[in-house]
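Here the structure is laid out as structure tokens; the discussion comes afterwards.
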Amino acid sequence: MKEIKSQVTIQNVWGARKRISSLIGRTPAVESFILSEKLGRPVYLKLETVHDTGAFKVRGAANKILSLSEEERKLGVATYSTGNHGMAVAYVAKKLGIQATVCISNRVPKAKVDSLKRLGAAIEFCGESQDEAGERCLMLENDHGLTVIEPFDDPEVIAGQGTIGLELLEDIPHLKDVVVPLSGGGLLSGIGMAVKTNDPSIRVTGVSMVESAVMHESLRAGRPVKMPEKDTLADSLLGGIGLDNRYTFGMVQKYMDRGVLIPEEEIAHSMAFMMDHHRMIMEGAAATGIAALLGNHIEYKDGAVAVIITGHNVDLSVVQHVLNGYHPE
Ligand SMILES: *Cc1c(COP(=O)(O)O)cnc(C)c1O
């Protein structure tokens, strides 16, 4: 076990907000009248899909890369990712004129690979899992001095994702519940810390798919565990949390009130539901949050709910498949 490092603080999140503001725009939180009606309380969709890369991960990537020294920037950055984080790193690096190398597993959907190439990143395919891609990335760091931009277990990345929490507090009256899709936990750690530091009565729910829910299994075991990756509509939630996890395991333990696991059919239904009622495309990972609401997993009734619509990067063939199986309620 590595030492437990000191936690990310609210000051880090304010610092991140200032640092990334010239690169990353604020996102809207819009009320969903159909979901508000269903739940009997205001439901807001925090639209992280409006970023250029179509997912929230640009916040953490921008905060981390902008924290690097001139020397580190010259040597370039590297990352391994299920796609959205890699895209975020490539995007931010391109904007800042830094070379990015992305190591990804063969499971990553084609649409994401194409987008990475368009952003000018050097792509390295490695194996069937995030772990193999991670090992390759460490080699680049050791042998060539590239800085690996971690997808979630990094204080700057967590603080960057936490800026969402500040925006929720500012934009949503009577916020009481925040529903956060959960994988490595950078997003939940940042948002959870930011909202609860300001108002400890706000509840945070972490949502994952039933299969390969590594953070949930780790919390149950009381320590980070490893699990095989299974195919899921929520492919952006795949990946381990690292057996030597330093930050997010402890922070999710501290800031998450409740964990919810969503079966594949409900993820598919929620994706189609949002297309049907909002004409909004979101990827499976983001739809897990909607599924938690539609399945009545958020049992409280007071105040407003915010659900983080984390990304919309999904192959159209998947969208088509999901719509074909849709049965409107
Ligand atoms: C990365 C990601 C998540 C989960 O974020 P973590 O910080 O790994 O918990 C959720 N949704 C989408 C679309 C993502 O890309």
Side-chain angles (χ1 to χ4, degrees), residues 8 27 45-51 53-61 63-64 79-91 104 108-109 111-112 115-116 130 134 149-165 178-194 204-209 212-216 218-219 224 229 232-242 245 247-249 251-253 255-256 259-260 262 267 270-271 274 281-292 307-315 318:
V8 184
T27 61
L45 310 172
K46 178 65 170 164
L47 299 180
E48 290 298 303
T49 47
V50 304
H51 295 293
T53 55
F56 73 88
K57 286 204 172 70
V58 282
R59 294 178 185 257
N63 191 43
K64 176 67 182 184
T79 184
Y80 54 102
S81 165
T82 55
N84 283 336
H85 175 65
M87 212 136 65
V89 170
Y91 172 84
I104 49 184
V108 175
K112 294 187 174 181
S115 311
L116 281 167
Q130 287 300 104
I149 311 298
E150 295 289 336
F152 52 86
D153 203 25
D154 178 284
E156 262 80 46
V157 171
I158 294 167
Q161 323 304 29
T163 57
I164 295 170
V178 184
V179 179
V180 188
L182 172 65
S183 176
L187 181 65
L188 192 144
S189 297
I191 293 177
M193 192 273 293
V204 175
T205 299
V207 195
S208 305
M209 63 289 178
S212 318
V214 184
M215 182 61 89
H216 292 269
S218 300
L219 291 171
E229 288 181 15
T232 170
L233 283 168
D235 56 276
S236 288
L237 301 185
L238 284 173
I241 68 165
N245 185 294
Y247 303 96
T248 59
F249 177 68
M251 288 182 78
V252 171
Q253 222 169 15
Y255 295 115
M256 185 172 87
V260 174
I262 307 292
I267 298 174
S270 301
M271 289 171 76
M274 293 306 278
I281 290 181
M282 63 185 62
E283 53 181 283
T288 60
I290 300 296
V307 51
I308 316 299
I309 308 302
T310 48
H312 69 187
N313 294 314
V314 51
D315 279 10
V318 175

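Atoms within a ligand are numbered from 1 in the order they appear, just like the ligands themselves. This is a predicted model, so every value here is computed, not measured. Each residue takes its place number in the sequence, starting with 1.
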Heavy-atom closest pair (Val252 atom, Leu182 atom, distance to 0.1 Å) is CG2-CD1, 4.2 Å
Could you tell me whether the side chains of Glu48 and Thr27 share a donor-acceptor contact shorter than 3.5 Å?
-> yes
Ligand 1 contact by Leu237, heavy-atom criterion under 4.0 angstrom | yes
Considering the heavy atoms of Gly185, write down every atom of ligand 1 situated less than 4.0 Å from one of them.
-> 6 (P), 7 (O), 8 (O), 9 (O)
Pairwise side-chain contact, Ile290 with Val307, heavy-atom cut-off 4.5 Å (strictly under) | yes
With a 4.5 Å heavy-atom cut-off, do Ile104 and Leu116 have their side chains touching?
-> yes
Using heavy atoms and a threshold below 4.0 Å, how should the contact between Ser183 and ligand 1 be classified: side chain, backbone, both, or neither?
-> both
Any idea which atoms of ligand 1 are less than 4.0 Å away from a heavy-atom of Gly186?
-> 6 (P), 7 (O), 9 (O)
Let me see the working for Asn63 and Val157 under side-chain contact (heavy atoms from CB on, under 4.5 Å), right down to the final yes or no.
-> CA-CA 6 Å; Asn63 191 43; Val157 171; over 6 Å; no
Run the numbers on Phe249 and Leu219 for side-chain contact (heavy atoms from CB on, under 4.5 Å), then give the verdict.
-> CA-CA 8 Å; Phe249 177 68; Leu219 291 171; 3.7 Å; yes
Would you mind telling me if ligand 1 is within reach of the side chain of Leu187, the backbone, both or neither, using heavy atoms under 4.0 Å?
-> both
side-chain contact (heavy atoms from CB on, under 4.5 Å) evaluation trace for Ile308 with Val178 = CA-CA 8 Å; Ile308 316 299; Val178 184; 4.1 Å; yes
Does at least one non-hydrogen atom of Ala286 fall below 4.0 angstrom from an atom of ligand 1?
-> no
Counting heavy atoms only, which part of His85 comes closer than 4.0 Å to ligand 1: side chain, backbone, both or neither?
-> neither
For ligand 1, which atoms, with element, lie under 4.0 Å from some heavy atom of Glu283?
-> 13 (C)
Gly184 to ligand 1: N or O pair under 3.5 Å?
-> yes
The answer for which part of Gln161 has a heavy atom under 4.0 Å from ligand 1 is neither
